[in-house]
Amino acid sequence: MIFRLLSIITATCLALAGAANAQGKAELLWYSQAAFKLTTPGGKVIMIDPWIMGATKIPPELKDLGKIGKVDLVLVTHGHGDHLGDAIEISKTNNAPLWAPAGLNQMLLTLGLMPANLVPRMNKGGIIEPFPGVKITMVRAEHSSEMLLKDPVTGKNTTYSAGEPVGFIIELENGFKIYHMGDTGLFGDMKLIGDYYKPDLLLVPIGGHYVMNPKDAAYATKELIKPKMAWPMHYASNPFLKGTPAEYKAALGQTSIQVIDAEPGTKKQF
């Protein structure tokens with residue numbers, strides 16, 4: 001009888017905690033480029049494309065991995081240095097799984113850079129539920145993915161295949177959905193992603209050259225994905241990424257989509 005009563009109390013407490021989490025807010029901190037720290041309503045911390053120590057536009061006060069705090073999970077969209085960034089160190093320091101394209105994680109394991117338990121395999125279309133109430137889906141991105149690493153024996157840089165690039169749909173405990181597009185060009189299946197997953201917030205690259213320019217990004221946002229809100233990213237970190245938020249807004253024109261005005265270091269709640 002006592003065990004049954006304890007089970008009922010435990011289940012009730014978990015239900016109340018889940019309800020509280022569902023009513024809470026998410027917090028999103030933009031470091032620069034495509035790097036974000038996402039704190040879910042349930043208090044879980046997810047680092048996305050954490051290029052921090054080598055970043056060119058990040059505020060000095062954020063250029064310290066020790067200040068990030070506890071991390072529960074790391075997401076990486078592809079193998080380029082401005083996205084893989086400090087993911088390996090952050091993952092190992094926190095014993096937090098690093099979820100990335102299957103080919104990237106396999107290469108990290110093969111090269112001995114990561115232990116098997118921290119580089120689980122996943123692929124496009126796959127869905128994980130790493131925490132109660134949180135679902136993460138890997139979706140397509142139109143880009144490339146390679147790792148450039150220094151060979152410890154020769155001292156020369158070596159290029160390694162790093163799987164295929166991806167984006168992530170992140171559904172939080174309160175039902176809020178974030179679509180981090182990673183690096184991508186414009187492609188027609190963005191409409192399918194928008195229609196099927198219905199993201200609330202779009203983290204959209206606008207810099208051009210390597211990714212969509214403001215005009216392409218605006219078309220993807222307004223005509224294909226149709227989120228409630230859009231946060232421009234991946235611009236101004238090098239001379240090739242010339243697209244600006246002002247150009248993106250101008251290309252969007254009249255729209256009900258709210259564009260987040262942000263500088264590196266901006267923190268928002270949703």
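This one's a predicted model, so the numbers in the text were calculated from it and none came from an experiment. Numbers here are sequence positions counted from 1.
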Testing the basics here: between T56 and S237, what is the closest heavy-atom pair and its distance to 0.1 Å? OG1-O, 2.9 Å

Say whether, by atom type as modelled, one donor and one acceptor occur between the side chain of N213 and the main chain of D216 under 3.5 angstrom. yes

Do L186 and E142 pass the side chain to side chain contact (heavy atoms under 4.5 Å, CB included) test, and can you show the C-alpha distance, the side-chain angles, and the key distance before you say yes or no? CA-CA 7 Å; L186 189 64; E142 191 65 33; over 6 Å; no

Side-chain contact, heavy-atom cut-off 4.5 Å: V139 with V166? no

Is there a donor-acceptor contact under 3.5 Å from the side chain of E247 to the main chain of T244? yes

Take W99 and V76 through the test side chain to side chain contact (heavy atoms under 4.5 Å, CB included) and record every step on the way to the result. CA-CA 6 Å; W99 290 93; V76 174; over 6 Å; no

Is there side-chain contact between K25 and P41, with heavy atoms separated by less than 4.5 Å? no

Measuring only between side-chain heavy atoms, which start at C-beta, is K242 closer than 4.5 Å to H209? no

Quick one: do the T159 and E146 side chains pair a donor with an acceptor below 3.5 Å? no

Of all the heavy-atom pairs spanning P205 and G182, show the shortest one and how long it is. CG-O, 3.4 Å

Can you check side chain to side chain contact (heavy atoms under 4.5 Å, CB included) on Y235 and Y248, steps first, answer last? CA-CA 11 Å; Y235 62 90; Y248 173 67; over 6 Å; no

Pairwise distance NZ(K191) to OH(Y196) - rounded to 0.5 angstrom: 15.0 Å

Roughly how far apart are I58 CD1 and W51 CH2, rounded to 0.5 Å? 9.0 Å

Can you tell which of I170, I260, L28 makes a side chain to side chain contact (heavy atoms under 4.5 Å, CB included) with L203? L28

Does any donor atom in the side chain of H80 or D183 lie under 3.5 Å from an acceptor atom in the other side chain? no

To the closest 0.5 Å, what do you measure between OG1 (T77) and CD (E164)? 13.0 Å

With clusters defined by side-chain heavy atoms of hydrophobic residues (ILVMFWY) lying less than 4.5 Å apart, directly or transitively, does M212 cluster with L201? yes

Taking atom CG of D82 and atom CD1 of I52, what is their separation to the nearest 0.5 Å? 13.0 Å

Closest approach of L62 to G265 (non-hydrogen atoms, all atoms of both residues): CD1-CA, 3.8 Å

Closest heavy-atom contact between P120 and L98? CD-O, 3.7 Å

When you measure from the side chain of N94 to the backbone N and O of D72, does any donor-acceptor pair fall under 3.5 Å? no

Is there a continuous path of hydrophobic side-chain contacts, each under 4.5 Å between heavy atoms, that joins W231 to V211? no

Going through the checks in order, is the side chain to side chain contact (heavy atoms under 4.5 Å, CB included) test met by I225 and M181? CA-CA 11 Å; I225 303 168; M181 300 184 77; 3.7 Å; yes

Counting only N and O atoms by type, is there a donor-acceptor contact under 3.5 Å from the side chain of K57 to the main-chain atoms of Y31? no

If you compare all heavy atoms of G185 against all heavy atoms of M190, which two are closest, and at what distance to 0.1 Å? O-CE, 3.2 Å

Just checking, is any N or O donor in the side chain of Y160 or T110 under 3.5 Å from an acceptor N or O on the other one? no

Nearest-0.5 Å distance, CG of residue L241 to CD of residue Q33: 6.0 Å

Check K268 with E27, please: is the shortest side-chain N to carboxylate O separation under 4.0 Å? no

Whether the side chain of D200 engages the backbone of K228 through a donor-acceptor N/O pair (distance < 3.5 Å, no angle test) should be reported. no

Going by the side chain to side chain contact (heavy atoms under 4.5 Å, CB included) test, name the single residue among I136, L172, I169 that passes it with I178. L172

Residue pair N105 / M114, side-chain heavy-atom distance below 4.5 Å: no

Should the ring pair F270 and F176 be called parallel, tilted or perpendicular, given that the plane angle runs from 0 to 90° and is split at 30 and 60? parallel

Where the side chain of K177 meets the backbone of Y197, is there a donor-acceptor pair that is under 3.5 Å apart? yes

Test item: V74 and P97 side chains (from C-beta on) under 4.5 Å apart, heavy atoms: no

Quick one: does any side-chain atom of T266 pair with a main-chain N or O of E263 as donor and acceptor, under 3.5 Å? yes

L75 reachable from V204 in the ILVMFWY side-chain graph, under 4.5 Å edges: yes

Can you find a heavy atom in the side chain of V134 that is under 4.5 Å from one in the side chain of E171? no

List the atom of P227, the atom of I257, and the distance in Å for their closest heavy-atom pair. O-CG1, 3.2 Å

Please determine whether the number of non-hydrogen atoms from other residues, nucleotides or ligands lying under 6.0 Å from atom NZ of K267 exceeds 12. no

Can you hop from L84 to L111 via hydrophobic side chains spaced under 4.5 Å? yes

Hydrophobic cluster membership, with links at side-chain heavy-atom distances under 4.5 Å among I/L/V/M/F/W/Y: are M122 and I90 in one? no

Side-chain donor or acceptor of D86 paired with backbone N/O of M53 under 3.5 Å: yes

Going by an N to O cut-off under 4.0 Å, is there a salt bridge joining D151 and K156? no

Using atom types as modelled and distance alone, determine if a side-chain donor or acceptor of S145 lies under 3.5 Å from a backbone N or O of A162. yes

Hey, are the side chains of I193 and Y179 touching, using non-hydrogen atoms and a 4.5 Å cut-off? yes

N/O donor-acceptor pair under 3.5 Å between S91 side chain and A87 backbone: no

Is the shortest distance from a Lys or Arg side-chain nitrogen in D261 or K249 to a carboxylate oxygen in the other one below 4.0 Å? yes

Quick one: CD1 on I206 to NZ on K215, what's the gap to the nearest 0.5 Å? 15.5 Å

Any side-chain heavy-atom pair from M229 and L202 closer than 4.5 angstrom? no

With a 6.0 Å cut-off on ring centres, are H234 and H83 close enough? yes

